[in-house]
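Each chain gets a letter, A, B and so on, in the order its sequence line appears, and its residues count up from 1. The structure presented is a predicted model; accordingly, all values stated were derived computationally and were not measured.
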Amino acid sequence: MDYNFREIEKKWQKEWVDHRTYKVTEDPNRPKYYVLNMFPYPSGAGLHVGHPLGYIASDIYARYKRLNGFNVLNPMGYDAYGLPAEQYAIKTGQHPAITTEQNINRYREQLDKIGFCFDWDREVRTCDPHYYHWTQWAFEKMFNSYYDNDLKKAQPIDKLIAHLERQGTEGLNVAQGDDTVSFTAEEWNAMDDKQKSDALMNYRIAYKGETMVNWCAGLGTVLANDEVVEGVSVRGGFPVVQKKMSQWCLRVSAYAQRLLDGLDTIQWSDSIKETQKNWIGRSEGTEVEFRVKDSDVKFTIFTTRADTMFGVTFMVLAPESDYVSQVTTEGQKAEVDKYIDYVKKRTELERMSDRKVTGVFTGSYAINPLTGDAIPIWVSEYVLAGYGTGAIMAVPAHDSRDYAFAKHFNLPIIPLIEGADVSEESFDAKEGIVTNSPCEGKQGLDGFSLNGLTVKEAIAATKKFVTEKGIGRVKVNYRLRDAIFSRQRYWGEPFPVYYDNGIPRMVPEECLPIELPEISEYKPTESGEPPLGRAKKWAWDTVNKQVVENAKIDQKTVFPLDLYTMPGFAGSSAYYLRYMDPHNEEELVSKKADEYWRHVDLYVGGTEHATGHLIYSRFWNKFLYDYGVSCEEEPFQKLINQGMIQGRSNFVYRVGELSTADKPVFVSYNLRKNYKEVTPIHVWVNLVKNDILDIEAFKQWSPEYKNAEFILEDGKYVCGWAIEKMSKSMYNVVNPDDIVRDYGADTLRLYEMFLGPVEASKPWDTNGIDGCFRFLKKLWSLFWENRTDKWLVDDAEPSKDSLKSVHKLIKKVTGDIEAFSYNTSISAFMICVSELGQQKCHNREMLRDVVILIAPFAPHIAEELWHQLGEKGSVCDAQWPKWNEAYLQDNELQMTVSFNGKARYQKMFPADASKDDIQQATLDDERSKKYLDGKQIVKVIVVPKKIINIVIK
RNA sequence: GCGCCUGUGGCGGAAUUGGUAGACGCGCUAGACUUAGGAUCUAGUUGCUCACGCAGUGCAGGUUCGAGUCCUGUCAGGCGCACCA
């Protein structure tokens with residue numbers, strides 16, 4: 001009987017579906033394990049071989065855990081909202097739901113062929129109202145919450161309102177917007193609804209704010225910071241400008257410290273933790289208040305170099321800063337306005353590509369609180385409005401940006417560190433002894449001086465001094481910005497928000513979900529409203545039927561609904577919780593399910609989500625944790641980042657001087673140097689095997705190659721190759737379906753893992769796949785003799801060698817899977833199977849263990865062999881074998897004898913020989929005499945089981 | 001500029017705590033069986049050398065009886081952040 005993978009795989013995939021082999025339910029008697037893949041966005045292109053890499057890796061781990069007695073949750077679903085379906089809809093008028101559904105079906109078909117152990121009963125789709133119900137619900141919960149800095153957790157907004165009613169903003173320590181507002185209880189109580197609503201927006205975790213946003217005209221929508229790279233949109237590469245707009249935002253910044261601290265409690269790679277740390281950007285410094293000369297205006301700056309306060313020679317405000325208008329003098333107003341106008345017109349891209357020194361003097365002076373000096377206040381775009389306070393003190397001697405500015409505008413530079421030469425460039429290092437603080441002949445405030453201290457000491461001393469004097473305070477700043485949460489798009493979750501006289505109100509919880517309406521066209525409206533502006537009738541229906549009735553408001557009133565939709569990361573921020581209890585209509589996840597599954601134990605996905613999804617969902621989960629909805633503060637315990645699979649393109653070489661329009665001539669790779677005009681042309685990789693072109697297939701590939709001629713080497717046409725991104729235009733996309741058809745799913749699974757470490761990026765190269773295919777055939781031939789079709793399995797006593805081979809394998813594979821070192825596991829399988837073959841071992845027990853071990857990697861063949869061995873049930877429910885150390889021991893040890901660290905010869909010893917025996921026997925050995933030869937023995941080092949090193953002089 | 005990671009044959013990649021570098025696979029070479037081989041099997045395959053041997057993990061040093069592994073410097077490639085005060 002041959003290894004007929006087509007029949008085997010078809011048969012078992014059907015059995016698994018029929019028997020619900022992978023269905024999982026909460027079972028308090030078994031330990032749980034939660035394996036999760038980042039769910040895919042179902043794109044129209046379908047899967048290529050790179051996509052399943054992570055799924056296979058996690059599938060192996062899930063199966064391994066199950067074989068070890070764990071109750072394993074391994075779900076799959078779809079991140080179904082997204083831009084491509086919507087852009088396709090704009091072009092063709094086809095509803096994105098239809099496109100998405102088609103793509104999902106295609107994905108599912110492809111996934112099913114690979115033999116994953118997903119529990120499809122738990123599938124979720126972010127675009128399903130039963131699912132986004134809970135996305136909207138979480139948003140409402142965030143709207144109705146604020147962040148208490150003392151308790152370090154989210155709290156119901158009612159608690160804050162009660163505080164405001166009692167004592168205003170007095171004694172409040174909460175996360176809030178950039179402008180700290182304060183008012184009394186009387187003032188609060190005197191406010192009308194609209195004013196109160198506006199004031200609360202400053203505290204809500206989900207809030208609507210007038211903020212600087214990344215506006216992408218090309219996409220017609222705003223974008224979050226992680227969706228913009230180098231001034232252009234990640235999707236589409238359109239330019240992005242900064243614009244002030246009223247948008248929904250999430251106060252992610254409130255959780256900055258917890259997001260940072262949480263990283264120490266989870267097992268993620270250093271590089272991704274580092275990326276998140278950078279993104280959060282914690283920076284400890286000092287805030288100092290500067291008074292404006294001849295004015296009541298005061299403003300605050302943030303600095304990490306408090307030690308340099310004696311060297312401040314000018315101040316700089318961000319162009320967007322509110323202080324600009326307050327400090328600009330009449331005489332400078334025209335020039336400042338002109339400058340601000342210029343800055344506004346520049347896109348992010350321009351700002352980044354040309355870093356010109358620009359700026360303008362406001363006409364005002366600030367008073368340095370330590371020296372009493374009056375220093376000019378400037379405006380420049382190099383100071384960012386979004387970071388710190390949007391204002392800085394400039395110390396040109398010790399900051400390169402300030403230095404460039406000072407040189408350009410001829411402002412003074414005072415060096416503050418002994419021996420620092422600032423004639424050519426600034427001295428930015430945070431080291432040295434402080435001088436000129438204050439300068440000779442001058443006096444610091446109350447005699448304050450930093451001279452003679454190290455930089456570190458000076459920073460500490462200044463912090464202490466300004467705090468005591470009440471002119472400053474220690475402050476921690478974060479680079480992490482609040483997430484802009486609304487998009488001017490159609491294909492996303494609608495906001496459960498309606499407007500009552502301009503006041504945003506949440507749709508009552510019992511009316512959720514607010515379903516995405518049908519609209520006639522997917523473009524923005526003529527008046528510039530988002531696409532949902534076209535859904536007037538729907539808005540009326542929804543509001544009246546669902547909201548107004550419920551709120552018992554006059555039926556004739558039509559409240560406008562919010563016309564925005566939520567961004568892509570909304571739906572992916574809590575999907576791991578929903579998988580725990582996907583059909584629950586009452587809550588996001590039941591207490592019981594959540595407390596059983598708790599959190600994802602193993603999360604597998606790409607690094608590209610490091611500063612997006614992986615930050616947002618940690619934030620989202622922490623918020624839900626504060627309310628006890630999620631019982632773990634960190635959602636993803638261990639994270640594995642699978643590498644990207646690049647494409648391996650093949651080329652044919654067209655010879656210009658020999659080709660005509662209807663008869664092109666191609667030269668084989670190694671002969672191309674013999675011709676002058678040789679043009680490489682991408683050729684579809686499916687027409688090439690082991691870099692040899694299938695000439696007939698190539699001729700049929702395209703009409704223009706019908707009459708092609710070939711200059712061959714050794715009777716073959718050899719193609720060139722290159723590593724490129726896997727893409728249609730390079731003709732290097734490899735479809736897993738083709739591999740499954742030609743080699744089977746088990747070979748595909750093995751080969752994807754054998755390519756290299758899961759975490760490494762590597763090119764797909766089908767050339768090596770035969771090795772894995774051969775291995776499975778060899779495994780098969782331990783059971784069946786191909787020629788005679790004879791069943792070989794017997795119950796004869798296994799030899800010592802066979803026991804050793806199999807137990808070595810058990811030990812190796814167990815260790816390797818735990819370490820996600822799948823490629824070395826497969827090597828071990830190859831060695832073991834080849835050893836058993838040589839030993840002619842067909843022992844039932846040995847083979848049974850091998851079948852269980854291979855089951856996570858190649859489940860189909862394992863299941864088939866399992867049944868042929870006469871075992872009952874599925875191999876999935878077998879018990880993972882344990883190795884026996886006794887079988888692994890040798891009765892003889894082969895050790896290497898070296899002299900002065902140089903290996904010389906091999907020597908055999910009894911396994912139980914003592915160190916002294918080994919040492920003596922080695923010194924007595926004839927071969928040793930040659931190297932000893934009258935030299936003195938300094939030391940003998942015996943490394944157990946490995947090496948004897950004799951140090952001689 | 002700051003931070004992080006990686007450098008091993010023709011290729012993908014192996015090497016517990018420092019202990020015979022190159023496992024395993026691809027490719028290549030030779031042989032066997034074949035009408036045939038892009039099937040299968042066997043043997044070989046880091047380089048130089050007929051050989052004994054010698055050299056060898058980006059480069060230069062260091063620690064050690066012994067370094068791919070540890071330390072210092074340096075070069076190259078990749079990733080993240082970036083006018084963040």
I'd like the C1' distance from rA30(B) over to rG77(B), given in whole Å. 39 Å
Between W268(A) and R618(A), is there a cation-pi geometry (under 6.0 Å to ring centre, at most 45° from the normal)? yes
Indicate syn or anti for rG47(B), taking the glycosidic torsion and treating anything within 90° of 0 as syn. anti
Would K273(A) and D270(A) pass as an ion pair if we require N to O under 4.0 Å? no
How long is the line joining CZ of R282(A) and C1' of rC81(B), in whole Å? 18 Å
Taking the same atom, P, in rC75(B) and in rC11(B), what whole-Å distance lies between them? 25 Å
Decide if the gap between the ring center of W378(A) and the ring center of F405(A) is smaller than 6.0 angstrom. yes
Contact check, side chains of M830(A) and C772(A), non-hydrogen atoms, under 4.5 Å: yes
Take atom CZ of R481(A) and atom C1' of rC81(B), then tell me their distance rounded to the nearest Å. 14 Å
Taking a pair as Watson-Crick or G-U wobble with both distances under 3.5 Å, which nucleotide is matched to rA32(B)? rU40(B)
Length of the CD-C1' vector between E381(A) and rA85(B), whole Å: 16 Å
May I have the distance from F405(A) (atom CZ) to rA85(B) (atom P), rounded to whole angstrom? 18 Å
Is the shortest distance from a Lys or Arg side-chain nitrogen in R346(A) or E381(A) to a carboxylate oxygen in the other one below 4.0 Å? yes
Using the 3.5 Å cut-off, write out each protein N or O paired with an N or O of nucleotides 52-56 of chain B and the distance between them.
none

Check whether any side-chain nitrogen or oxygen of Y751(A) sits under 4.0 Å from OP1 or OP2 of rG25(B), and answer yes or no. no
When the P atoms of rG58(B) and rU8(B) are considered, how many whole Å apart are they? 6 Å
To the nearest Å, give me how far apart CG (N767(A)) and P (rC26(B)) are. 11 Å
In terms of relative ring orientation, are Y905(A) and Y931(A) parallel, tilted or perpendicular, with 30° and 60° separating the classes? parallel
Verify whether the ring centers belonging to F5(A) and F773(A) lie closer than 6.0 Å. yes
Measure from the ring center of Y822(A) to the ring center of F754(A) and say whether it is less than 6.0 Å. no
Contact class for Q906(A) (heavy atom, under 4.0 Å): base, sugar-phosphate, or nothing? base
Let me know the distance between NE2 of H408(A) and C1' of rC83(B), rounded to the nearest Å. 15 Å
Determine which nucleotide pairs with rU45(B), using a 3.5 Å limit on both distances of a Watson-Crick or G-U wobble pair. rG27(B)
For rG73(B) versus rC83(B), give the span between their C1' atoms, rounded off to a whole number of Å. 32 Å
Across every strand shown, the nucleotide meeting Watson-Crick or G-U wobble geometry with rG73(B) (both distances under 3.5 Å) is rC59(B)
Base, backbone or nothing for each nucleotide of nucleotides 3-18 of chain B, written B, S, -, heavy atoms under 4.0 angstrom, 5' to 3'? SS-------BSS-B--
Among rA85(B), rC41(B), rC81(B), the one nearest any side-chain atom of R774(A) is rC41(B)
Report the distance from atom CG of D2(A) to atom C1' of rU40(B), rounded to the nearest whole Å. 12 Å
rC79(B) and rG31(B): how far apart are their C1' atoms, nearest whole angstrom? 49 Å
Using a cut-off of 4.0 Å on non-hydrogen atoms, how would the nucleic acid contact of I831(A) be classed: base, sugar-phosphate, or nothing? sugar-phosphate
Distance between P atoms of rU63(B) and rC26(B) (Å, rounded): 44 Å
For a quick check of understanding: with a heavy-atom distance under 4.0 Å over all strands, which category does V383(A) fall into, base, sugar-phosphate or nothing? base
Given atom CZ of F773(A) and atom P of rG25(B), what is their separation to the nearest angstrom? 17 Å
Watson-Crick or G-U wobble partner for rC81(B), using a 3.5 Å limit on both distances? rG1(B)
First of Q276(A) and Y478(A) reached from the 5' end of RNA chain B, by closest nucleotide: Q276(A)
Paired nucleotide for rU16(B) [Watson-Crick or G-U wobble; both distances under 3.5 Å]: none
Of the candidate nucleotides rC81(B), rC24(B), rU20(B), which contains the atom at the shortest distance from the side chain of T896(A)? rU20(B)
Would you please say whether a donor-acceptor pair under 3.5 Å links the side chains of E287(A) and T389(A)? no
Backbone N or O of L776(A) within a donor-acceptor pair of the D746(A) side chain at under 3.5 Å? no
Can you check whether Y751(A) and W764(A) have ring centres sitting under 6.0 Å from each other? yes
Can you check the distance between rC52(B) and rG61(B), where both ends of the measurement are the P atom (answer in whole Å)? 30 Å
Going by side-chain hydrogen bond (donor to acceptor under 3.5 Å, both in side chains), name the residues that satisfy it together with R282(A), two or more places apart in sequence or in a different chain. Q257(A), E284(A)
Same-atom distance (C1') from rC28(B) to rU34(B), integer angstrom: 22 Å
